[in-house]
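Following: one structure in structure tokens, then a few remarks.
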Amino acid sequence: MASLITRRKLLLGVAATTALAGCDSRAASMFLAGMERWNERVDRMLFSPTRLAPEPPASELTPEPAFPSYFISDTIPFAPDNWMLMVGGLVARPSVFSLEQLKRMPQTSMRIRHHCVEGWSAVAAWQGVQLREIARMVGASRDARYVEFRSFDAGYFSSWDIESSLHPQTILAYGMNGHALYPDHGAPLRLYSPVKLGYKNVKYLTEVNFLPRRSGGYWEDQGYDWYAGV
Ligand SMILES: Nc1nc2c(c(=O)[nH]1)N[C@H]1C(S)=C(S)[C@@H](COP(=O)(O)O)O[C@H]1N2
Ligand SMILES: [Mo]
């Protein structure tokens, strides 16, 4: 139910942006920005940082060939040979992680139903490391209220509130359905969580930055709901 309400609000937000698109007035965009901040405050109040999203049963797993794949680049993005994840911002120990290091950390695996605003949903099991474990390792500051995720997919990025980022089901995933993540779904590493809509789950990660203030996102900067909770 909560997800229905959130998505309806998202659609309303998109409709409002579209309706105002023609009249490029400062007042209109200031109004929308104000609405967004208000939405974020209410969303953060309603969000429970400890409540676990139920896992769909194994019988609902989507056959992989039927699991859609999205990237904004013209062709599937491939990671450079020397790929590493950079973690920085408001942290005591800015760090880089190799895939091998991440795989040696405690693994979390769960089935998640993915919701894309284009109207499809699909289920897979994802394997990876809890982001809160990474936050602990690098010593993220209490002043970090937001986390920004960057990728090597033509600059695709997003940013999240800290509570959703540190949720126990929010992971940096290197596996899908028990095998290594394939390039179409974000290899070598992507963000995944049942608490956010599809476009917040950044694939092809390069950087995770803990920030004091909200950053935007590829779709968010084009009028999509910034919070986008499920
Ligand atoms: N780097 C990157 N991450 C991305 C996107 C993208 O285009 N580039 N698309 C987003 C959207 S809109 C969705 S629905 C999901 C799709 O994930 P999938 O391709 O594994 O199904 O990835 C999200 N993360
Ligand atoms: Mo999407």
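This chain uses plain numbering: 1 for the first residue, then up along the sequence.
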From [atom1] ([X]) to [atom2] ([Y]), nearest 0.5 Å:
X      : Y      : atom1 : atom2 : value
Thr206 : Phe152 : OG1   : CZ    : 8.0 Å
Asn201 : Ile112 : CG    : CD1   : 7.5 Å
Leu90  : Leu211 : CG    : CG    : 7.0 Å
Arg213 : Asp143 : CZ    : CG    : 10.0 Å
Tyr192 : His114 : OH    : NE2   : 4.5 Å
Gln130 : Gln169 : CD    : CD    : 9.5 Å

Checking side-chain polar atoms at under 3.5 Å, does [X] have a donor or acceptor matched by the opposite partner on [Y]?
X      : Y      : value
Trp219 : Ser158 : no
Ser109 : Gln127 : yes
Glu64  : Tyr182 : no

Where the side chain of [X] meets the backbone of [Y], is there a donor-acceptor pair that is under 3.5 Å apart?
X      : Y      : result
Lys203 : Tyr70  : yes
Ser151 : Tyr156 : yes
Asp161 : Tyr146 : no
Trp160 : Leu166 : no
Lys103 : Val129 : no
Asp153 : Ser73  : yes
His167 : Arg51  : yes

_Residue pair Ser141, Phe210: steps toward the side-chain contact (heavy atoms from CB on, under 4.5 Å) verdict_ = CA-CA 8 Å; Ser141 157; Phe210 290 83; over 6 Å; no
[Y] reachable from [X] in the ILVMFWY side-chain graph, under 4.5 Å edges:
X      : Y      : value
Met84  : Leu205 : no
Met105 : Leu85  : yes
Tyr174 : Trp126 : no
Ile171 : Leu191 : no

_Residue among Ser159, Ser215, Ser165 satisfying side chain to side chain contact (heavy atoms under 4.5 Å, CB included) with Val147_ =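 Testing each of Ser159, Ser215, Ser165 against Val147, the sole residue satisfying side chain to side chain contact (heavy atoms under 4.5 Å, CB included) is Ser165.
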*Only one of Val123, Thr62, Asp184 clears side chain to side chain contact (heavy atoms under 4.5 Å, CB included) with Phe67; which?*
Thr62
_Tell me whether Met137 at atom CE has more than 12 heavy atoms from other residues, nucleotides or ligands lying less than 6.0 Å away._
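No, CE of Met137 has 12 or fewer neighbouring heavy atoms, counting only those of other groups under 6.0 Å.
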_Check this for me: Arg93, atom CZ, are more than 12 non-hydrogen atoms of other residues, nucleotides or ligands nearer than 6.0 Å?_
yes
*Show your reasoning for whether side-chain contact (heavy atoms from CB on, under 4.5 Å) applies to Phe97 and Leu172.*
CA-CA 12 Å; Phe97 291 89; Leu172 300 185; over 6 Å; no
*Are Lys196 and Tyr227 in a cation-pi setup, meaning NZ or CZ lies under 6.0 angstrom from the ring centre and within 45 degrees of the ring axis?*
yes
Between [Y] and [X], is there a salt bridge with N-O shorter than 4.0 Å?
X      : Y      : answer
Arg111 : Glu60  : no
Glu36  : Arg214 : yes
Arg136 : Glu133 : yes
Arg44  : Glu40  : yes

*Should Trp83 and Leu189 count as side-chain neighbours, where that means a heavy-atom distance under 4.5 Å?*
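Trp83 reaches Leu189 side chain to side chain.
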*asked:* What verdict does the side-chain contact (heavy atoms from CB on, under 4.5 Å) test give for Asp221 and Phe157, after you've listed the backbone C-alpha separation in whole Å, the side-chain angles of each residue and the deciding distance to 0.1 Å?
replied: CA-CA 10 Å; Asp221 292 352; Phe157 76 112; 3.7 Å; yes
*Show your reasoning for whether ring pair (Phe, Tyr, Trp, His ring centres under 6.0 Å) applies to Tyr224 and Tyr199.*
CA-CA 9 Å; Tyr224 281 63; Tyr199 62 87; 5.4 Å; yes
